[in-house]
Asker: 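Before we start, here is the structure in question, set down as structure tokens.
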Amino acid sequence: MKHYIFLFFLLSYTLVCQAQDPSVQKKLQAVRTTESPKIDGILDDHCWIDVPIATDFFEIRPVPGRVEGKEKRTEMKVLYDDAAVYVYARMYDHPDSVSHELVSRDNIGNADFISIVFDPFYDKMNGNGFFVTAAGVQFDAKYSQIGDEDENWNAVWESAVKIDDKGWTAEMKIPYSALRFSAKEIQNWGLNFSRRIQRTNVQTFWNFVNPNVNGFINQEGLWMGVKDIKPPLRLSFSPYLSAYVNHYPANIPGIKNTTARFNGGMDVKYGINNSFTLDMTLVPDFGQVQSDNRILNLTPFEVKFNENRQFFTEGTELFNKGDLFYSKRIGSIPKYYNRSDISSTETIIKDQSEAKVLNATKVSGRTAKGLGIGIFNAITKAMQTEVEDQQGSIRETETQPLTNYNILVFDQSLKNNSSATFINTNVLRQGSAYDANVSALLFNLNDKKNVYFFNGAGKMSYLKGATSRTGFNYEFKGGKQSGNFRWSYNQVYADDKFDKSDMGFFTNNNFLDQLVRFGYNNYKPTSWYNQLESWLNFEYSRRVNPGDYQRFGVVTGAWVQFKSIWSVEVDLDYGPEGNDFYEARNGQLYRTPARFGASVYVNPNNAKAYNFGGNVKYFKKELFNGREYNFYFFQNLRLNDRIAFGLDLNFNPSYDYVSWIKAQGDQAIFSRYNRNTVENSFDAKYSFSNKMGVSVVLRHYWSDRRNKEFYLLTNQGTLAAYQGAPLTAMDRNYNVFNVDLIYVWQFAPGSELTLSYKQAAETNDDFYTKRYNRNLEDILSAPQNKSLSVKVLYYIDYLNLRKKGK
């Protein structure tokens with residue numbers, strides 16, 4: 001008998017040790033229920049009794065691998081039936097210490113959260129995460145093989161939370177319409193849970209996610225024995241109606257200062273089969289998205305703006321492969337814009353900055369054998385510009401034709417979290433305008449332990465028009481991606497004809513770049529810090545045709561998070577003299593001076609009701625003793641869980657900088673100048689509930705250019721004193737002022753009412769005003785473009801509609 005008791009305790013001890021061994025994959029047995037729980041955050045439903053508990057979470061920070069303490073332990077349960085997966089969550093804590101700031105959907109804010117992440121095909125490469133904060137705010141995301149989080153993905157699901165004397169609780173109902181899975185009779189799903197305690201910056205996972213191992217989904221647990229579930233018909237409609245009133249004091253005879261318009265359209269989501277989904281937007285309306293942060297751009301390249309339109313950000317991980325897709329090209333920033341039909345004697349009366357998107361469609365998914373397929377199509381309306389000649393006659397001319405944008409992707413998952421991909425982008429324009437086509441083959445290979453990797457791509461562009469042009473680009477990268485010490489070597493080549501700009505973001509071609517990176521990360525806390533990272537990078541670039549040297553640079557730095565949760569980063573940047581073939585805008589060489597830069601970043605503990613931080617940067621160029629400084633300061637204040645304010649102040653002065661200013665015949669004129677850039681933004685939010693809130697953002701941006709002396713760029717790339725006719729009206733004084741006030745009410749799952757007020761003004765003068773206050777007064781008194789809009793979008797699930805019909 002004693003032997004049996006001894007063996008029993010030995011077996012129990014072994015099981016406990018295994019359960020708490022971070023290297024052992026955790027498993028949870030799936031349990032079917034015939035009684036679905038009420039989603040109210042109260043864990044008293046009978047169906048939760050005797051369901052296996054997932055507990056003993058492991059920290060990822062601050063101490064990776066440490067098991068959570070009993071006083072703040074987490075207990076999770078999962079049930080399923082024919083319609084949905086149900087989640088039970090008990091988070092033990094002191095109730096007064098639970099952070100629960102109210103913010104808008106898809107934001108966390110200053111709040112604790114609990115999440116569940118599913119990998120229904122158990123390919124360890126793709127997953128869906130469902131988060132709920134202690135304030136009841138929902139957040140969902142898609143995950144790809146390299147651990148990227150696509151927070152723009154949205155699903156319709158239910159959740160509820162409660163704070164009680166033991167801490168807080170949560171319940172979720174995740175319908176199968178929010179997931180993609182196979183029709184197998186018995187299935188195993190990848191599964192993980194995560195919890196964050198905001199005030200202490202502690203984050204834990206049920207199955208340990210080692211920060212020293214590359215990837216996130218590949219470090220998941222297992223949900224075993226899901227039986228007899230069938231993928232439902234996934235069909236939903238989201239019709240919308242919107243109305244706009246716009247006022248701009250143009251005060252031009254025949255043109256109204258105030259206009260109104262009405263829009264209507266629909267988004268459609270259809271599950272073609274178990275794996276693939278069709279997303280379509282018909283006559284979309286993007287008027288409620290936040291305004292772009294425009295700036296005074298003195299570089300030869302365009303500015304890349306963030307995409308704020310949900311259709312072009314949600315579920316686009318396949319289309320973003322190979323960095324060929326810049327969604328702002330569709331509608332908002334078209335590449336092809338032809339003004340050749342407008343004569344120098346004509347004046348533009350009415351221009352369009354955006355091409356109207358008529359419709360857009362996405363088909364994407366992944367088969368049970370790991371083949372991801374993506375098809376994208378969008379059509380934009382032709383753009384018309386009104387011009388007036390000297391006799392007062394007004395006519396319209398087409399500056400952007402009807403355009404069709406297409407993407408096709410095949411992405412095959414391989415062993416060891418590897419993949420091979422083919423992607424093609426194609427732009428077709430009506431009429432005589434040229435068409436563009438870019439194709440790429442990509443590969444990403446990892447060894448069995450996910451320590452070493454090798455990836456690369458081969459790309460070809462083809463422009464077809466009056467003259468056709470074919471260009472090539474390749475890149476490869478290899479190195480060590482896991483462990484404390486990491487390194488990589490990267491080489492990128494593009495010939496002088498490669499061009500992906502019609503559907504992708506593109507600056508220049510004709511280069512061979514090489515980059516070597518070394519990094520050391522220490523995730524094990526010490527007596528004075530939680531985490532430490534450091535890096536050393538070497539960059540070298542040459543042209544391809546001809547093979548001229550362009551630049552060399554060394555960047556080193558370190559980042560440390562202290563015990564107080566404050567963090568500091570320090571960067572140093574050095575580069576010797578180089579050759580710039582783009583600044584002159586005409587192909588001339590400009591010999592760039594040696595440079596040195598230093599930066600310090602400070603970030604606070606965001607859990608504090610009042611927190612602040614910022615950075616200081618210094619750059620020096622040897623030519624004319626050019627100097628640039630940047631002082632950035634931010635502060636945030638939470639009065640309570642409903643009201644919060646933020647203020648960002650950015651001051652960026654530069655002295656004796658040199659750059660191109662104009663072309664004079666076939667010669668480039670440069671100037672030495674001083675420049676001030678000041679950007680101030682204020683934001684505030686008030687949350688009525690976890691489904692209703694109002695936010696406002698005010699931004700003023702001012703930047704000038706005060707020329708001191710002009711130079712002629714010589715054939716040797718040096719600067720000579722300018723001896724020509726006096727140059728006038730060359731200074732710049734640019735101001736932008738924006739107000740974005742948005743009220744959102746999620747009045748039903750997937751449905752929302754949006755009320756938006758926008759105000760914008762822009763001035764771009766050829767003289768400068770020294771004082772910031774004067775510039776602020778001028779932009780506020782300038783003509784303001786004001787708009788008020790209301791949009792109602794209603795989510796209709798076909799299955800629910802059919803049930804009501806019965």
Asker: If you count the non-hydrogen atoms of other residues, nucleotides and ligands that lie under 6.0 Å from NZ in K464, is the total more than 12?
Answerer: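 No, not enclosed.
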Asker: Testing the basics here: between Y434 and D502, what is the closest heavy-atom pair and its distance to 0.1 Å?
Answerer: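 So the minimum-distance heavy-atom pair works out to OH-OD2, 2.6 Å.
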Asker: Near N764 CG, under 6.0 Å, is it more than 12 heavy atoms from other residues, nucleotides or ligands?
Answerer: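 Counting other residues, nucleotides and ligands, CG of N764 exceeds 12 neighbours.
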Asker: Looking at CG of N246 and OG of S787, how far apart are the two atoms once the value is rounded to the nearest 0.5 Å?
Answerer: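 The CG atom of N246 sits 5.5 Å away from the OG atom of S787.
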Asker: Do the side chain of N733 and the main chain of D766 share a donor and acceptor less than 3.5 angstrom apart?
Answerer: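 Checked: no pair found.
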Asker: Could you tell me whether the side chain of R771 and the main chain of T769 form a donor-acceptor pair under 3.5 Å?
Answerer: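 No; zero donor-acceptor contacts below 3.5 Å.
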Asker: F737 versus Q784: any side-chain heavy-atom pair under 4.5 Å?
Answerer: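 Sidechains of Q784 and F737: in contact.
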Asker: Would you check, one step at a time, whether the test ring-ring contact (aromatic ring centres under 6.0 Å, His included) holds for Y582 with Y590?
Answerer: CA-CA 8 Å; Y582 305 99; Y590 167 56; over 10 Å; no
Asker: Between N107 (side chain) and V103 (backbone), is there a donor-acceptor pair under 3.5 Å?
Answerer: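 Side chain of N107 to backbone of V103: no pair is present.
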Asker: Tell me, yes or no, whether the heavy-atom count around K497 atom NZ, taken from other residues, nucleotides or ligands under 6.0 Å, exceeds 12.
Answerer: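 Not buried by this count: 12 neighbours or fewer within 6.0 Å.
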Asker: Looking at the rings of Y711 and F624, which for Trp means the six-membered one, are their centres under 6.0 Å apart?
Answerer: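 Ring-ring flag for Y711/F624: true, centres closer than 6.0 Å.
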Asker: Hey, does R294 have a side-chain heavy atom less than 4.5 Å from the side chain of E762?
Answerer: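 Answer yes - side chains close enough.
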Asker: Side chains of T677 and L296: closer than 4.5 Å at any heavy-atom pair?
Answerer: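 No; the side chains remain at least 4.5 Å from each other.
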Asker: Salt-bridge test for R706 and D704: reply yes if a basic N is under 4.0 Å from a carboxylate O, no otherwise.
Answerer: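 Judged by the 4.0 Å cut-off on N to carboxylate O distance, R706 and D704 do form a salt bridge.
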Asker: Quick check: F319 with F376 (ring centres under 6.0 Å apart)?
Answerer: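 Judged by ring-centre distance (under 6.0 Å), F376 and F319 do meet the cut-off.
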Asker: Any non-hydrogen side-chain atom of R429 less than 4.5 Å from a side-chain atom of D435?
Answerer: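 Yes, close enough: below the 4.5 Å cut-off.
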Asker: Between OG of S501 and CG of L324, what distance do you get to the nearest 0.5 Å?
Answerer: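 Here the interatomic distance stands at 11.5 Å.
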Asker: If you measure from the Lys or Arg side-chain nitrogens to the Asp or Glu carboxylate oxygens, is any gap between D656 and K621 under 4.0 Å?
Answerer: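 No, D656 and K621 are not salt-bridged.
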Asker: With heavy-atom distances below 4.5 Å as the criterion, would you say the side chains of T425 and Y326 are in contact?
Answerer: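 When only atoms from C-beta onward are counted, Y326 and T425 do not touch, as no gap falls below 4.5 Å.
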Asker: Flag the pair Y618 / Y629 as yes when their ring centroid distance falls below 6.0 Å, and as no otherwise.
Answerer: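 Close enough - the centres of the two rings lie under 6.0 Å apart.
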Asker: Set out, in order, the CA-CA distance, both residues' side-chain angles and the distance that settles side-chain contact (heavy atoms from CB on, under 4.5 Å) for F301 and F505, then state yes or no.
Answerer: CA-CA 10 Å; F301 308 119; F505 184 80; 6.0 Å; no
Asker: Hey, which of N359, V357, L428 is the one that makes side chain to side chain contact (heavy atoms under 4.5 Å, CB included) with I379?
Answerer: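 The single option meeting the side chain to side chain contact (heavy atoms under 4.5 Å, CB included) with I379 is N359.
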Asker: Is any NZ, NE, NH1 or NH2 atom of the basic residue among R395 and E386 found under 4.0 Å from an Asp or Glu carboxylate oxygen of the other?
Answerer: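 Between E386 and R395 there is no salt bridge, as every charged N stays at least 4.0 Å from the carboxylate O atoms.
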Asker: Tell me, do K662 and L727 make a side-chain contact under 4.5 Å, heavy atoms counted?
Answerer: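 Yes. Closest side-chain heavy atoms under 4.5 Å.
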Asker: Compute the ring centroids of H700 and F682, then answer whether they are less than 6.0 Å apart.
Answerer: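 H700 vs F682: aromatic centres not under 6.0 Å.
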Asker: Could you tell me which non-hydrogen atom of S756 sits nearest to which non-hydrogen atom of I742, and how far apart they are?
Answerer: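 It is OG-CG1, 4.1 Å.
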Asker: Checking T592 side chain against G578 main chain: does a donor-acceptor pair fall under 3.5 Å?
Answerer: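 Present.
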Asker: Which pairs with one or both residues in residues 587-600 pass salt bridge (charged side-chain N to carboxylate O under 4.0 Å, His left out), sequence neighbours excluded?
Answerer: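 Qualifying pairs: D573-R595.
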Asker: Any carboxylate oxygen within less than 4.0 angstrom of a Lys/Arg side-chain nitrogen, looking at R309 and D285?
Answerer: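 Result for this pair is no, no salt bridge flagged.
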Asker: Sort and list the pairs that fulfil salt bridge (charged side-chain N to carboxylate O under 4.0 Å, His left out) and have at least one residue in residues 709-736, not counting sequence neighbours.
Answerer: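 Counting only pairs at least two positions apart or across chains, the salt bridge (charged side-chain N to carboxylate O under 4.0 Å, His left out) contacts touching residues 709-736 are R672-E709.
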Asker: In Å and rounded to the nearest 0.5 Å, what is the CG to CD distance from N308 to Q310?
Answerer: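 Separation between the atoms: 11.0 Å.
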Asker: Taking all non-hydrogen atoms of both residues, which atom of D499 and which atom of S461 are closest, and how far apart?
Answerer: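 Heavy atoms of D499 and S461 come nearest at N-OG, 3.0 Å.
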Asker: Just verifying a value: how many Å separate F511 CZ and S541 OG, rounded to the nearest 0.5 Å?
Answerer: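 Going from CZ on F511 over to OG on S541, the span is 7.5 Å.
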Asker: Does E302 come within less than 4.0 Å of R329, counting only side-chain N to carboxylate O?
Answerer: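 The answer is yes: the pair qualifies as a salt bridge.
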Asker: Salt bridge or not for D548 and R543, using N-O below 4.0 Å?
Answerer: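 A salt bridge links D548 with R543.
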Asker: Answer yes or no: is there an ion pair linking D323 with K500, defined by an N-O contact shorter than 4.0 Å?
Answerer: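 Yes, charged N to carboxylate O under 4.0 Å.
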Asker: Between the main-chain N or O of F498 and the side-chain N or O of N509, is there a donor-acceptor pair closer than 3.5 Å?
Answerer: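 Yes; at least one donor-acceptor contact below 3.5 Å.
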Asker: Are the side chains of F612 and F633 in touch, meaning some heavy atoms are under 4.5 Å apart?
Answerer: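 When only atoms from C-beta onward are counted, F633 and F612 do touch, with a gap below 4.5 Å.
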Asker: Could you tell me whether K791 and E752 make a salt bridge, using a distance below 4.0 angstrom between a side-chain N and a carboxylate O?
Answerer: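 Looking at K791 and E752, the cut-off is not met.
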Asker: Does E679 reach the side chain of D648, with side-chain heavy atoms less than 4.5 Å apart?
Answerer: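 Heavy-atom side-chain distance check fails, nothing below 4.5 Å.
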Asker: Is a side-chain N or O of E569 found less than 3.5 angstrom from the main chain of N615, in a donor-acceptor match?
Answerer: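 Not confirmed, E569 side chain does not pair with N615 backbone.
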Asker: Hey, is K304 close enough to D292 for a salt bridge, meaning N to O under 4.0 Å?
Answerer: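 Salt bridge: no.
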